[in-house]
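First up is the structure itself, then whatever we jot down about it.
The structure presented is a predicted model; accordingly, all values stated were derived computationally and were not measured.
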Amino acid sequence: MILNSLYTTPKQLFEPVNFINGINFIYGKKTKTTDSKKSLNGIGKSTFLDLLDFCMLSSYDSRNKRLYAAYEKGILKGISIVLEFEISKMPYAIKRGFDNPSLISFSENNEDFSEISIQDLKKKLCDLMFFRADYKGYYSNTWLRKLVPFYLKIQRPKKEKFLDPILYIKETNLTELNQYHLFLLDIDNKLSYKNYKIQTDKKRIAPVIKGIEEFISETYNLKNIPEAGNKSKKLKMEIEELEKNISQFNLSKQYEIDESKANEITASIKQILFQNHIDREKILSYNNSIKESIEISTRKIKNIYDEVNELLSSNIKKTLEEAISFRKELNESRREFITAEITKLNEDIERRKVQIEILNQDRKKIFDFLSSKNAINDLTEAFKSLSDKRGDLSNLEGQIKLYQDLNIEKNQIEQDEKIIEGQFLELKQTIVNQELEISKLFVKIYNSIYPELNDSSIFDISTNLKLDSKLEIVVLPNNEMLSKGKNQGRTLVYDLMVLFNSLSPDKNCPKFLVHDGIFDGMDKAHLVALYEFLESQLIEGKQFQYIVTYNEEGNLSENFGDAKALINKIETEAILTLTPKNKLLGEF
C-alpha cells in the first residue's frame, strides 16, 4: 500500500496533500512575526494524521479529542475526508464523512464510489493491505485496527509520547501483540497465536472459578468445595426424609396440600350445610301447609238462610257441599305432591350428609397430619420446604458441576500450555536464519542513524517461559546512549526495520510508516543521519514513504551544525507546512 493524497470534500479545508516516495515532512514552521516563545503545537500536524487514521477506519468518538472537538465546533460538519492510495499499482479511494462515520464510500480501479459498511470495509481493507497467500502462520482479516497502529503512530493529548516499540498499543498485552509482530516480520506466528488463545482462556477461566468458590462459600456458609460436597449429601438425606414423611400421611401425589385446598374443603362443607338448612326450612313449611283445616258446617249456613227463603237455603247448602268436596279432593292431591317433595328433600339432605362426612374425613386427614408434625406450621410448609431443599440441591450441584467442569478445562489448558512451552523452546532453531537476516537489517539501520554506538548485540527474539507471552522480542536493551529518548530511538529503528524488511514486492504490507513527533527532544543530528540513510535507500531504487512531523526549533543551523542543505529541503520539500497563522483547520 502506497499513499497518494488526502483531501476534504465538498469543501476544501486545506489544500490537497500529495504524498511522495521517500521522506514526507509535515512541518511546523515559525514565521518572522511569530513570537519565539510561542509553541508550534496545536497548529494541526497531529490533526492531519488523525484525518489519515480516520480514513483508515479508526474509531471516532469523544476519545479522539482533536477531531471530535473540531466536529463539535462545526468545522467538520458536512465534511468528508478522502484518502487515495494504491496497492500493487491498483488505485483505490476511501471517502468517510463525519456526519455518519459508520457508512463509508469506497472506490477501486477509478470506478465510482459505492457505499459499504465500516465492518465490511475493515475486512476488505485488511485483506488488501496484509493478506499473503504464502504466509505460513496465522492471519485474520479482523486485524486491521491491530496492525494499522503499528504503521501510524500518532501522539494523543495527555498520553505517553512513545511506548516500548513492541508494546505499540498501550491497551494491548504483549501476548497478543507478539502474534502481530511475528506476522509483520514474516515469521510463522502459529505458536504465538495458540499461546494467545491459551492465555486468554486462562484469564477467562480463573475469575469464574474464583467467583463460583465465593458464591458457594457465601450462599451456603461453607469454607471450601469439599464442604460443598458434604452439604450436597446432607440436603439429599433431608429431602429423602421429608419425602418419606409426606408419603406416610398420604400427602405425596394424592394429597398435595396447600391453603387453597383446605379452604376449598371448608367452603364446600359450609355450602352443603347451608343447602341442607334451606331444604329443612322447606320441609317445615310444607308440613305446616298440609295441616291447614278445610272443615265447614253446611247445616249452620242452611239455618241462617232458612229464615229468609227455605228454597234458597237448600240450594246454597247443596252448592257449598259440592265446593267443599272439590276442595278436599284438591287438598288431597296437593298433600300427595308435598309429601313427595318432602321425601325428595330428605333424601337430598341425607345424601349431603354423606358428602359432608367424606369432606370432613379429608379435612381431618389434613389436620391430623399438621397436628402430628410440629415443624410444619401451615398447609404450604411441607411442600415449600421440600421445594426449597430441592432448589438448593439443584443449585449447589449445578455450581459444583460447573466448578468441576471448569477445573477440567483449566487442567487441559495447563497441559496445552506445557506442550506449547516445549514448542517455544524449539522455535529458536526454526527461525534462526530469518532472525539473522532481520538482525542484520536492524544493525544496518541502527548504525546508520546512531553511528557513534556501533553495537551489534541489539536485537533478539528469545524464549522466556516466565512471561505469559513465552516469547520476548528484545530491542536495544540497556543502551545508555539512548536513555534520554530511549523508546523514541528504539521505536524509530525497530519500525524502520519492519518497514524495510517488507519492501519486497512479494510481501503484501504497507510501504509507508508514520511517526508523529518522534524527534522531539532527541539529538537532531540523528535526523540528519536518518535523512541520509533514507536517501541512500531511494538511490537503491526502493519504494517507501516515511512520514514524520517536525517542528522548527530555535536556530536550525545551530541544531544541525553545518546542515543548511537539509534545512532547506525540510522547508521546501515538506508535503504540508503549517504555521501559527496558517493552521490546518484555520483558527480552531
**Request:** Under the side chain to side chain contact (heavy atoms under 4.5 Å, CB included) rule, what do T579 and K30 come out as? Steps first, then yes or no, please.
**Result:** CA-CA 6 Å; T579 70; K30 293 183 178 182; over 6 Å; no
**Request:** Return yes if some donor-acceptor pair links the side-chain N/O of E472 with the main-chain N/O of T463 below 3.5 Å, else return no.
**Result:** no
**Complete:** One should read off an interatomic distance between N21 CG and L3 CG, to the nearest 0.5 angstrom, of 11.5 Å
**Asked** Considering only heavy atoms from C-beta outward, does the side chain of I518 approach that of K153 to under 4.5 Å?
**Response** no
**Message:** Looking at K410, I'd like to know if its NZ atom is crowded, meaning that more than 12 non-hydrogen atoms belonging to other residues, nucleotides or ligands lie closer than 6.0 Å.
**Reply:** no
**Message:** ring pair (Phe, Tyr, Trp, His ring centres under 6.0 Å), that's the test. Do F54 and Y60 meet it? Break it down for me.
**Reply:** CA-CA 7 Å; F54 181 75; Y60 175 67; 5.6 Å; yes
**Asked** Is T549 reaching over with its side chain to a backbone N or O of G517, donor-acceptor style, under 3.5 angstrom?
**Response** yes
**Message:** Tell me whether E437 is salt-bridged to K440, with the criterion being a basic N under 4.0 Å from an acidic carboxylate O.
**Reply:** yes
**Item:** F442: which of F459, Y450, F500 passes ring-ring contact (aromatic ring centres under 6.0 Å, His included)
**Value:** F459
**Asked** Distance from L52 atom CG to I154 atom CD1, nearest 0.5 Å?
**Response** 6.5 Å
**Side chains of I81 and F98 in contact at under 4.5 Å (non-hydrogen atoms)** = yes
**Item:** T8 side-chain N/O to L13 backbone N/O, donor-acceptor pair under 3.5 Å
**Value:** yes
**Asked** Can a salt bridge be assigned to the pair D99 and K77 using a cut-off of 4.0 Å between side-chain N and carboxylate O?
**Response** no
**Message:** Can you tell me how far apart CD1 (I575) and CG (N24) are? Round to the nearest 0.5 Å.
**Reply:** 4.0 Å
**Message:** Between K124 and E108, does any NZ, NE, NH1 or NH2 come within less than 4.0 Å of an OD or OE carboxylate oxygen?
**Reply:** yes
**Any side-chain heavy-atom pair of L538 and F544 under 4.5 Å** = yes
**Asked** So, for L167 and T172, which heavy atoms are closest and what is the spacing to 0.1 Å?
**Response** CD2-O, 4.4 Å
**Message:** For the residue pair N551 / K29, report whether a side-chain donor-acceptor contact shorter than 3.5 Å exists.
**Reply:** no
**Message:** Using every non-hydrogen atom in the two residues, find where L465 and F424 come nearest and quote the distance to one decimal.
**Reply:** CD2-CB, 4.5 Å
**Asked** With a 4.5 Å limit on heavy-atom distance, are the side chains of I2 and F85 in contact?
**Response** no
**Minimum heavy-atom distance between N501 and L185, given as atom pair plus value** = ND2-O, 3.5 Å
**Prompt:** Do the side-chain N and O atoms of N411 and Q415 include a donor-acceptor pair separated by under 3.5 angstrom?
**Reply:** no
**Request:** Establish, from distance only, whether the side-chain atoms of E417 and Q199 form a donor-acceptor pair under 3.5 Å.
**Result:** yes
**Asked** Counting distance only, does the side-chain N/O of K511 pair as donor-acceptor with the main-chain N or O of S502 below 3.5 Å?
**Response** yes
**Request:** Flag the pair I547 / I23 as yes when at least one side-chain heavy-atom distance between them is below 4.5 Å, and no otherwise.
**Result:** no
**Complete:** One should read off an interatomic distance between I94 CD1 and S105 OG, to the nearest 0.5 angstrom, of 10.5 Å
**Asked** Is the number of heavy atoms from other residues, nucleotides or ligands under 6.0 Å of E414 CD greater than 12?
**Response** yes
**Item:** I20 versus Q545, closest heavy-atom pair with distance
**Value:** O-CG, 3.2 Å
**Request:** State yes or no: are the ring centers of Y180 and F150 separated by less than 6.0 Å?
**Result:** no
**Asked** Is there a donor in the side chain of S117 and an acceptor in the side chain of D120, or the other way round, less than 3.5 Å apart?
**Response** yes
**Asked** Are any of the side-chain nitrogens in R204 or E409 under 4.0 Å away from the carboxylate oxygens of its partner?
**Response** yes
**Polar side-chain atom of S80 near backbone of K95 as donor-acceptor pair, under 3.5 Å** = no
**Prompt:** With the threshold set at 4.0 Å, does a side-chain nitrogen-carboxylate oxygen contact exist between K194 and D201?
**Reply:** no
**Request:** Could you tell me whether the side chains of S46 and D516 share a donor-acceptor contact shorter than 3.5 Å?
**Result:** yes
**Asked** Are side-chain heavy atoms of I212 and I209 found at a separation under 4.5 Å?
**Response** no
**Asked** Any salt bridge between D50 and K65, counting N to O under 4.0 Å?
**Response** no
**Message:** Quick one, I87 with N508, criterion side chain to side chain contact (heavy atoms under 4.5 Å, CB included). Give me CA distance, side-chain angles, the key distance, then yes/no.
**Reply:** CA-CA 9 Å; I87 297 175; N508 186 31; 4.2 Å; yes
**Message:** For R490, is there an ion pair with D164 - N to carboxylate O distance below 4.0 angstrom?
**Reply:** yes
**Asked** Is the Y531-H526 ring centre distance short of 6.0 angstrom?
**Response** no
**Asked** Shortest non-hydrogen contact from R96 to I118?
**Response** NH2-CD1, 3.5 Å
**Asked** Any luck finding a side-chain donor-acceptor pair between Y546 and H515 under 3.5 Å?
**Response** yes
**Prompt:** Among all residues two or more places apart in sequence or in another chain, which pass the salt bridge (charged side-chain N to carboxylate O under 4.0 Å, His left out) test with E84?
**Reply:** none
**Request:** Determine, step by step, whether Y138 and Q179 satisfy the side chain to side chain donor-acceptor pair (under 3.5 Å) criterion, reporting the C-alpha distance in whole Å, the side-chain angles of both residues, the deciding distance to 0.1 Å, and the verdict.
**Result:** CA-CA 8 Å; Y138 177 82; Q179 60 184 331; over 6 Å; no
**Message:** Looking at every non-hydrogen atom in both residues, tell me the closest pair between I43 and G28 and how far apart they are.
**Reply:** CD1-CA, 3.7 Å
**Item:** Under 3.5 Å side-chain donor-acceptor pair for Q537 and K542
**Value:** yes
**Asked** Backbone N or O of T142 within a donor-acceptor pair of the S140 side chain at under 3.5 Å?
**Response** yes
**Asked** Hey, what do you get for CG (L471) to OG (S192), rounding to the nearest 0.5 Å?
**Response** 5.0 Å
**Asked** Taking it one step at a time, do L67 and L76 satisfy side chain to side chain contact (heavy atoms under 4.5 Å, CB included)?
**Response** CA-CA 8 Å; L67 295 185; L76 296 177; 4.2 Å; yes
**Message:** Using ring centroids (six-membered ring only for Trp), state whether W143 and F131 fall under 6.0 Å.
**Reply:** no
**F113 and F106, any side-chain heavy atoms less than 4.5 Å apart** = no
**Message:** With a 4.5 Å cut-off on side-chain heavy atoms, are E86 and Y92 touching?
**Reply:** no
**Prompt:** Hey, is K428 close enough to D460 for a salt bridge, meaning N to O under 4.0 Å?
**Reply:** yes
**Item:** NZ/NE/NH1/NH2 to OD/OE distance under 4.0 Å, R132 and D186
**Value:** yes
**Asked** Could you go step by step and tell me if F130 and Y139 meet the ring pair (Phe, Tyr, Trp, His ring centres under 6.0 Å) rule?
**Response** CA-CA 9 Å; F130 295 103; Y139 160 79; 7.5 Å; no
**Item:** Check: Y151 main-chain N/O paired with D495 side-chain donor or acceptor under 3.5 Å
**Value:** no
**Request:** Check the surroundings of atom CD in Q12: do more than 12 heavy atoms from other residues, nucleotides or ligands lie under 6.0 Å from it?
**Result:** yes
**Pair Y196-N189, side-chain donor/acceptor within less than 3.5 Å** = no
**Item:** Spacing of L144 atom CG and K146 atom NZ [to the nearest 0.5 Å]
**Value:** 11.5 Å
